[in-house]
**Q** 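Mind looking over this structure? Questions follow.
Remember, predicted model here, so these are calculated numbers, not experimental data. Residue numbers begin at 1 in each chain, while the letters A, B, ... track the order of the sequences.
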There are 2 protein chains.
Amino acid sequence: MTRILVVDDEPQILRALRINLAARHYAVAVAEDGAAALRQAADWHPDLVVLDLGLPDMDGVDVIHGLRGWTHVPIIVLSGRAGSADKVDALDAGADDYVTKPFGVDELLARIRAVTRRTSVPDGDEPSVRVGDHVVDLTGKTISGGVRLTPTEWHLLEILARNPGKLISQRQLLHEVWGPAYSKETNYLRQYMVQLRRKLERDPAHPVHLITEPGMGYRFQP
Amino acid sequence: MTRILVVDDEPQILRALRINLAARHYAVAVAEDGAAALRQAADWHPDLVVLDLGLPDMDGVDVIHGLRGWTHVPIIVLSGRAGSADKVDALDAGADDYVTKPFGVDELLARIRAVTRRTSVPDGDEPSVRVGDHVVDLTGKTISGGVRLTPTEWHLLEILARNPGKLISQRQLLHEVWGPAYSKETNYLRQYMVQLRRKLERDPAHPVHLITEPGMGYRFQP
DNA sequence: ACGGACCTTGATGCGTTCTTGACGAGCGAG
DNA sequence: CTCGCTCGTCAAGAACGCATCAAGGTCCGT
């Protein structure tokens, strides 16, 4: 289920979007100001953010920057300002689309579909990877041999497996899985890497696929 | 260089876009009807298509379908029709964005940047350099031949490798890697240059790629 | 309320990496 | 020729990061 975070300070818009999105079977969370939006995004990891630029506590463009600092989650901006400069600023800050209020709900829904389609398609090219004796199906969330992973373990493994051979910094992993507030909690990483290795590696003490790069991060080696 | 195919039957729009895009260092091709657009896309493989829906020979939505049959190239639609249904049809057919005419050139350019940013990041260009017998991948932090570098070694090598052929002063290297307080500790540099050469150079005693410029700094020679 | 699965958090031991000092070789200047 | 400087090399203790174990804590369904 696609998770959408709606950020707006006008209750009627919030209400209308929540109803419409829920009717289309999206999971919806809402935030009424920029600080709450950033917190929600970090906690909940939405698949899409619908962001009103006119927030009470901070500039909408700063919210975009705050999100882009650690995630590439698609952002669709809503704004009452139709000026060209406003659009350019928001898009160049990292927004994916810009819709001028008043907007048609049908149009917004179509743009949501367009943006989610674009981001979900490239992911689907590598459905399964091999780790040791097991075959991991990233899309189906299944592993051969009766191995089961917890949600956090899946999240971690996915990030690594989608970048085979590439080093992923611990900072990036912590940001993606636990949120920006946990950049320093490397214990979490150690803990979960141990569990992943225990479940997937043939010899957990001498990992072949889930490699530690001391002081830098981790790497998935196919 | 990003290649953009512009599809429009109005000569003045074609002309304006061609000039503006060329000025931003995009490679531009044009087509004046749907059939030509499909042919051009197949031949030239553009990185982005800007498509006017009001073409003389066929419906714009059919052009989108024709493209989507074999490619996921981003499509930005231009249209004089502002109706919600038109937008929904085009977006659901596979368009990535929908801009209503008349449009601001700045806005279109920003939307082009937004769309290309999203599609080009996952592709991930792989800047790799050769040092002696080894191939160094700076983004994946990998080196051929099973060579491993420590974080500090990577940091140092990155600065040098990102400026091939250029002389980097010791002051600058120390400043970047160890911080402003260590501008005088040239022994650190000596220490780590030795290790880098030992790991990368064919003959560490007579370096070919990691060159010392006595009294000034170091240079990476590709 | 209870039990289990999952997530957080702390502590310990060990291997690697970093830091730091010292010494000799090479080189140009006086 | 000698001095002064910089660089390459070596060595050793300090500091750091990681794997691992273990113990709450939280949230869920029975």
**Q** Would you mind telling me which of C/dC7, C/dC18, D/dC7 lies closest to the side-chain atoms of B/T152?
**A** C/dC18
**Q** Quick one: label A/Q195 by what it contacts on the DNA or RNA (base, sugar-phosphate, nothing), any heavy atom closer than 4.0 Å.
**A** nothing
**Q** Kindly say whether A/L91 contributes a backbone atom to a donor-acceptor pair with the side chain of B/R113 at under 3.5 angstrom?
**A** no
**Q** Using residues 164-186 of chain B as the side-chain source, report each donor-acceptor pair under 3.5 Å to any protein atom, sequence neighbours left out, with the distance given to one decimal.
**A**
residue, atom, partner, partner atom, Å
B/S169, OG, B/Q172, N, 3.0
B/S183, OG, B/P180, O, 2.9
B/T186, OG1, B/R190, NH1, 3.3

**Q** In plain terms, say whether B/R148 and A/E213 are close enough for a salt bridge, that is, a side-chain N and a carboxylate O under 4.0 Å apart.
**A** yes
**Q** What's the CG-P distance between B/L196 and C/dC18, to the nearest Å?
**A** 11 Å
**Q** Between atom CD in B/E185 and atom P in D/dT6, what is the gap in whole Å?
**A** 14 Å
**Q** Is there a donor-acceptor pair under 3.5 Å between the side chain of A/D86 and the backbone N or O of A/A82?
**A** no
**Q** Quickly work out the B/Q170 CD to D/dT6 P distance and round it to whole Å.
**A** 9 Å
**Q** Using whole Å, report how far CH2 of B/W178 lies from P of C/dC18.
**A** 9 Å
**Q** Between B/N187 (CG) and D/dC10 (C1'), how many Å, whole number?
**A** 13 Å
**Q** Within residues 205-222 of chain A, which residues have any heavy atom lying less than 4.0 Å from an atom of DNA chain D?
**A** A/A205, A/T212, A/G215, A/Y218
**Q** For A/L174 and C/dT8, give me the distance from atom CG to atom C1', rounded to whole Å.
**A** 13 Å
**Q** Among D/dG8, C/dC7, C/dA5, find the nucleotide with the atom closest to the side chain of B/V194.
**A** D/dG8
**Q** Is a side-chain N or O of B/T71 found less than 3.5 angstrom from the main chain of B/L67, in a donor-acceptor match?
**A** no
**Q** Please work out if A/E153 contacts a base, only the sugar-phosphate, or nothing of the nucleic acid, heavy-atom cut-off 4.0 Å.
**A** nothing
**Q** Run the salt-bridge test on A/D97 and B/R111 with the 4.0 Å N-O cut-off and return the result as yes or no.
**A** yes
**Q** Check this for me: does any side-chain nitrogen of one of A/R117 and A/D96 sit under 4.0 Å from a carboxylate oxygen of the other?
**A** no
**Q** Expressed as a whole number of angstroms, how long is the span from B/M193:CE to D/dT6:P?
**A** 18 Å
**Q** Out of C/dC18, D/dG8, D/dC18, which has the shortest distance to the side chain of B/R197?
**A** D/dG8
**Q** Considering only C/dC7, C/dT17, D/dC7, which nucleotide approaches the side chain of B/T150 most closely?
**A** C/dT17
**Q** For A/K199 and D/dA19, give me the distance from atom NZ to atom C1', rounded to whole Å.
**A** 18 Å
**Q** From C-beta outward on A/R190, which listed nucleotide comes closest to its side chain: D/dA19, D/dC21, C/dG21?
**A** D/dA19
**Q** Within the structure shown, what part of the strands sits under 4.0 Å from B/Q191 by heavy-atom distance: base, sugar-phosphate, or nothing?
**A** base
